[in-house]
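Notes for the one structure printed next.
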Amino acid sequence: MLSEPYSFLASASVIPVMVIDREADAIPMAKALVAGGIKVLEVTLRTGCALAAIKAIAEAVPEAHVGAGTVCNGDDFSAAVDAGARFIVSPGQSEVLFSHSINQNIPLLPGAVTATEVMRAAEAGFKVLKFFPASTSGGAAAIRAFTGPFSGISFVPTGGIHANNLLDYLNLPNVQAVGGSWMLPKDKVQAGDWQAVTALSLEASELSNMKELTQ
Ligand code: 3PG
């Protein structure tokens, strides 16, 4: 059961990891994802225009629930929240990120791929964790193994996930959602082919709806 600040994840089986190189792409990209049934959006702070992109999406695409990813320090956490991010994702974890999340009342998905990292995040009160890079950290089998010792902890794996393997993850009882960039191929984004992004998003949404059917 998701606690209140994390309830937005209940309807988010697929979270796109958005790397936005051109600020002008932010709104059409977000709209293309939303049109494909994907409403929780993670904009990574890996590009110079990421904060401006978050602001633009927060203002112009109200049906989206936008957050920031690749948040690795406290300054980036605060800047992302100021820009309009409603949740924060980090590839790792730190005391500063924990305290920013608690003090600013903004949900944080800290990264964890080892038992010790899971325990540290859980001890700080964080129960929904990013599992990155999923494909090289043991994949679905590693997450499945965490069901034994870590009941009550769920994961959002990212890294190497795509249409052909997303159900391997989503069918695990301790996977809340999957993340990735496969519905945003670089060539399609560069060409402004938003229809292609919507088509890939629809495919991802439809696949994620098959979750119950294959369980
Ligand atoms: C992330 O930051 O979560 C990953 O870079 C996304 O991984 P992908 O590009 O392999 O989907």
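Whatever order the structure lists them in is the order used to number ligands and atoms, beginning at 1. Values below: all heavy atoms of this structure, side chains included; hydrogens, waters and symmetry mates excluded.
Using bins of under 30°, 30° to 60° and over 60° for the plane-to-plane angle, the ring pair Phe150/Phe146 lands in the perpendicular bin. Between Phe155 and Phe131, the ring planes are perpendicular. Angles over 60° get that label, and only those under 30° would be called parallel.
At a threshold of 4.5 Å between non-hydrogen side-chain atoms, the residues Phe98 and Ser101 do not count as touching.
Remark: ligand 1 atoms within the under-4.0 Å shell around heavy atoms of Val17 are 1 (C), 2 (O), 3 (O). The atoms of ligand 1 that sit less than 4.0 Å from any heavy atom of Gly180 are 11 (O).
Considering backbone and side-chain atoms together, Lys130 places an N or O closer than 3.5 Å to an N or O of ligand 1. For the pair Gly160 and ligand 1, the shortest N or O to N or O distance falls below 3.5 Å.
With distances taken over non-hydrogen atoms, the option nearest atom 3 (O) of ligand 1 out of Val19, Val178, Thr70, Thr158 is Thr158.
Residues Val89 and Val96 do not share a hydrophobic cluster, clusters being chains of Ile/Leu/Val/Met/Phe/Trp/Tyr side chains in contact below 4.5 Å. Met183 and Phe132 are not part of a single hydrophobic cluster, where members link through side-chain heavy atoms under 4.5 Å apart.
For atom 8 (P) of ligand 1, the closest non-hydrogen atom of the protein is Ser181 OG, 3.5 Å. At the top of the distance list for atom 4 (C) of ligand 1, counting protein heavy atoms only, stands Phe132 CE1, 3.5 Å. Nearest non-hydrogen protein atom to atom 5 (O) of ligand 1 is Arg46 NH2, 3.4 Å.
Proximity of Met183 to ligand 1, defined as any heavy-atom pair under 4.0 Å, is not found for any part of the residue.
Residue Gly69 places every heavy atom at 4.0 Å or more from ligand 1. Note on ligand 1: Met18 sits outside its first shell, no heavy atom being nearer than 4.0 Å.
Distance check: Ile143 CD1 to Ile153 CD1 gives 13.0 Å after rounding to the nearest 0.5 Å.
Within 6.0 Å of atom CG in Asp82, more than 12 heavy atoms from other residues, nucleotides or ligands are found, so the atom counts as buried in its surroundings. Annotation: Gln195, atom CD; neighbour count of heavy atoms from other residues, nucleotides and ligands within 6.0 Å does not exceed 12.
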